[in-house]
2 protein chains.
Amino acid sequence: MKIGQRYTEVRKKIFTAIEKMDKPVSAQEIYDYIKQNYEEVDLASIYRNLELMNKSDAVNVILFGEGKKRYELKNMKGHHHHLFCEGCGDIKDIEMKEENLIKNVKNKEGFVIKKHNLEFFGLCPNCQ
Amino acid sequence: MKIGQRYTEVRKKIFTAIEKMDKPVSAQEIYDYIKQNYEEVDLASIYRNLELMNKSDAVNVILFGEGKKRYELKNMKGHHHHLFCEGCGDIKDIEMKEENLIKNVKNKEGFVIKKHNLEFFGLCPNCQ
DNA sequence: TTCATTATTGCAAATGATTTGCAATATGTC
DNA sequence: GACATATTGCAAATCATTTGCAATAATGAA
Ligand SMILES: [Mn+2]
Ligand SMILES: [Mn+2]
Ligand SMILES: [Zn+2]
Ligand SMILES: [Zn+2]
């Protein structure tokens with residue numbers, strides 16, 4: 001979990017922001033949070049660091065089709081999935097074990113589940 | 001699977017394009033395909049129709065974190081998932097049954113799988 | 001501690017995807 | 001065929017994210 005090579009103030013703030021907000025957050029939300037609690041950090045720096053944090057596996061990128069990415073700290077919770085409300089955008093963690101997850105998750109958290117997306121990422125034979 | 005209220009030339013072309021390309025395609029790819037095979041259709045019209053097609057459940061939106069959405073016809077194949085190559089962007093369908101899917105999919109198609117994203121969509125108690 | 005090196009940041013502008021307002025056009029109906 | 005209006009094309013706007021570059025801050029050698 002080493003990001004870049006220097007432990008900067010900006011990086012500390014970004015880590016703390018994501019941790020405190022405790023849900024998948026967008027770059028803009030991180031920006032807003034930092035602005036309110038510390039001295040402002042440039043959005044471009046936030047994007048650059050999120051990119052680094054993702055490459056170095058410090059954060060996960062989570063997608064709900066809102067037109068932007070959300071980020072979550074990787075070391076905080078174990079591997080898990082999400083439930084996204086298409087009405088209000090509320091997000092819930094799903095920490096059930098993966099066998100039969102897709103069946104068992106029905107009505108978890110009182111949600112009425114309409115669909116799910118499951119995508120795998122890796123490298124194809126040519127790119128390995 | 002009724003889109004809007006008129007079966008227009010533009011809609012026919014979009015359907016055909018997605019069907020012929022036979023993989024999750026972006027709005028721009030649909031635009032390019034149509035331009036080569038028929039008379040050009042405006043990108044804005046493509047976006048407007050994809051939006052409608054999604055709301056009326058004619059297409060699925062698929063996200064790989066590329067910064068854009070991909071669309072797939074819903075009635076063509078049964079429900080399935082995807083494998084995305086982070087090297088070249090190649091996409092494969094995964095049609096295994098869902099019990100133990102996440103375990104069993106390892107090395108499917110010769111891919112080395114690094115991670116997966118599983119998100120559920122629905123309505124929370126407040127929004128139902 | 002001070003200094004030098006260079007990674008990182010801020011700022012402004014660029015890019016790319018998607019959305020929107022509006023007038024022109026096409027479709028389904030009578 | 002003529003009408004009512006859903007749909008389209010076009011241009012401009014918006015939003016998320018990226019990028020170039022000069023200023024600044026972190027780290028380690030002296
Ligand atoms: Mn989570
Ligand atoms: Mn598919
Ligand atoms: Zn809700
Ligand atoms: Zn590949």
Side-chain angles (χ1 to χ4, degrees), chain A residues 1-18 21 24-35 37-56 58-72 84 86 89 91, chain B residues 1-18 21 24-56 58-72 84 86 89:
Chain A
M1 198 185 30
K2 186 144 148 307
I3 311 309
Q5 32 229 281
R6 296 176 183 179
Y7 191 48
T8 68
E9 291 306 312
V10 165
R11 281 169 190 167
K12 287 178 201 167
K13 290 177 190 164
I14 294 176
F15 264 108
T16 311
I18 304 180
M21 288 190 281
V25 289
S26 65
Q28 182 67 53
E29 287 169 345
I30 295 171
Y31 172 84
D32 294 338
Y33 182 94
I34 291 177
K35 189 166 185 179
N37 297 277
Y38 312 89
E39 319 82 51
E40 184 170 356
V41 163
D42 197 84
L43 238 195
S45 300
I46 293 176
Y47 275 109
R48 276 187 281 235
N49 278 301
L50 287 171
E51 171 77 12
L52 273 180
M53 292 167 80
N54 184 225
K55 279 187 185 142
S56 58
V59 298
N60 278 323
V61 174
I62 302 177
L63 306 164
F64 296 113
E66 306 160 286
K68 63 190 164 201
K69 295 178 180 176
R70 294 187 170 275
Y71 304 82
E72 192 169 57
F84 179 80
E86 297 178 316
I91 301 167
Chain B
M1 196 183 34
K2 185 143 148 305
I3 311 309
Q5 30 227 284
R6 295 178 182 176
Y7 192 49
T8 68
E9 290 307 313
V10 165
R11 282 168 190 168
K12 286 179 202 167
K13 289 176 191 166
I14 294 176
F15 264 107
T16 310
I18 304 179
M21 289 189 281
V25 288
S26 65
Q28 182 66 53
E29 286 169 346
I30 295 170
Y31 171 83
D32 293 337
Y33 182 94
I34 291 176
K35 189 166 186 179
Q36 290 184 307
N37 296 278
Y38 311 88
E39 319 83 50
E40 184 170 357
V41 163
D42 196 85
L43 239 195
S45 300
I46 292 176
Y47 275 110
R48 276 186 282 235
N49 278 300
L50 287 171
E51 170 77 12
L52 272 180
M53 292 167 80
N54 184 225
K55 280 187 185 140
S56 58
V59 298
N60 277 323
V61 173
I62 301 177
L63 306 164
F64 296 113
E66 305 161 287
K68 63 190 164 201
K69 295 178 180 175
R70 293 187 171 276
Y71 304 82
E72 193 169 57
F84 178 80
E86 298 178 315

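Protein chains get the first letters and strands the later ones, always in sequence-line order, with residue 1 at the start of each. Since the model is a prediction, treat every value here as computed from it, not as a measurement.
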* **Whichever of B/K68 and A/Q5 has its nearest DNA chain C nucleotide further upstream toward 5'** => A/Q5
* Asked: When the distance from CD of B/E66 to P of D/dT18 is rounded to whole Å, what number comes out?
  -> 13 Å
* Asked: Between B/F84 and B/F64, how do the two ring planes meet: parallel, tilted or perpendicular, split at 30° and 60°?
  -> parallel
* N/O (side chain, B/T8) to phosphate O (OP1/OP2, D/dT8) under 4.0 Å -> yes
* To do: When you get a sec, tell me which of D/dT17, D/dG9, C/dG10 is the closest nucleotide to the side chain of A/A27?
  => D/dT17
* To do: Report yes if a side-chain nitrogen or oxygen of B/S45 is closer than 4.0 Å to either non-bridging phosphate oxygen (OP1 or OP2) of D/dG9; otherwise report no.
  => yes
* Take B/Q28 and B/D32, measure what side-chain hydrogen bond (donor to acceptor under 3.5 Å, both in side chains) needs, and give me the verdict at the end. => CA-CA 6 Å; B/Q28 182 66 53; B/D32 293 337; 3.1 Å; yes
* Asked: If you take atom types as modelled and just measure distance, does the side chain of A/R6 reach the base of C/dT6 with a donor-acceptor pair under 3.5 Å?
  -> yes
* Structure fact -> B/L43 has its side chain closest, among D/dG9, C/dT18, D/dT19, to C/dT18
* To do: Using a strict cut-off of less than 4.0 Å between a Lys/Arg side-chain nitrogen and an Asp/Glu carboxylate oxygen, indicate whether B/R48 and B/E51 qualify as a salt bridge.
  => no
* To do: Verify the neighbour count for atom NZ of A/K12: are there more than 12 heavy atoms of other residues, nucleotides or ligands below 6.0 Å?
  => yes
* Round to a whole Å and report the spacing from OH of A/Y7 to C1' of C/dT6. => 21 Å
* Which comes earlier along DNA chain C counting from the 5' end, the contact point of A/A44 or that of A/L52, where each point is its nearest nucleotide? -> A/L52
* Report yes if the side chains of B/I18 and B/L50 come closer than 4.5 Å at any heavy-atom pair, otherwise no. => yes
* To do: Take the protein atom OH of B/Y47 and the nucleotide atom C1' of D/dG9, then report the distance between them rounded to whole Å.
  => 16 Å
* Structure fact -> In whole angstroms, the gap separating C1' of C/dA26 from CD of B/E9 amounts to 10 Å
* **Any B/S26 side-chain nitrogen or oxygen under 4.0 Å from OP1 or OP2 of C/dA17** => no
* To do: With heavy atoms under 4.0 Å as the rule, sort B/R48 into base, sugar-phosphate or nothing.
  => base
* **Value in whole Å for how far the P atom of C/dA7 lies from CD of A/E51** => 17 Å
* Please give, in whole Å, the distance from D/dA25 P to A/K13 NZ? -> 11 Å
* Which of the following nucleotides, D/dT5, D/dC10, D/dT19, is nearest to the side chain of B/D42? -> D/dC10
* Atom pair distance, as rounded to whole Å: CG in B/N49 and P in D/dG9 -> 9 Å
* To do: Using whole Å, report how far CD of B/E40 lies from P of D/dG9.
  => 8 Å
* Quick one: label A/Q28 by what it contacts on the DNA or RNA (base, sugar-phosphate, nothing), any heavy atom closer than 4.0 Å. => nothing
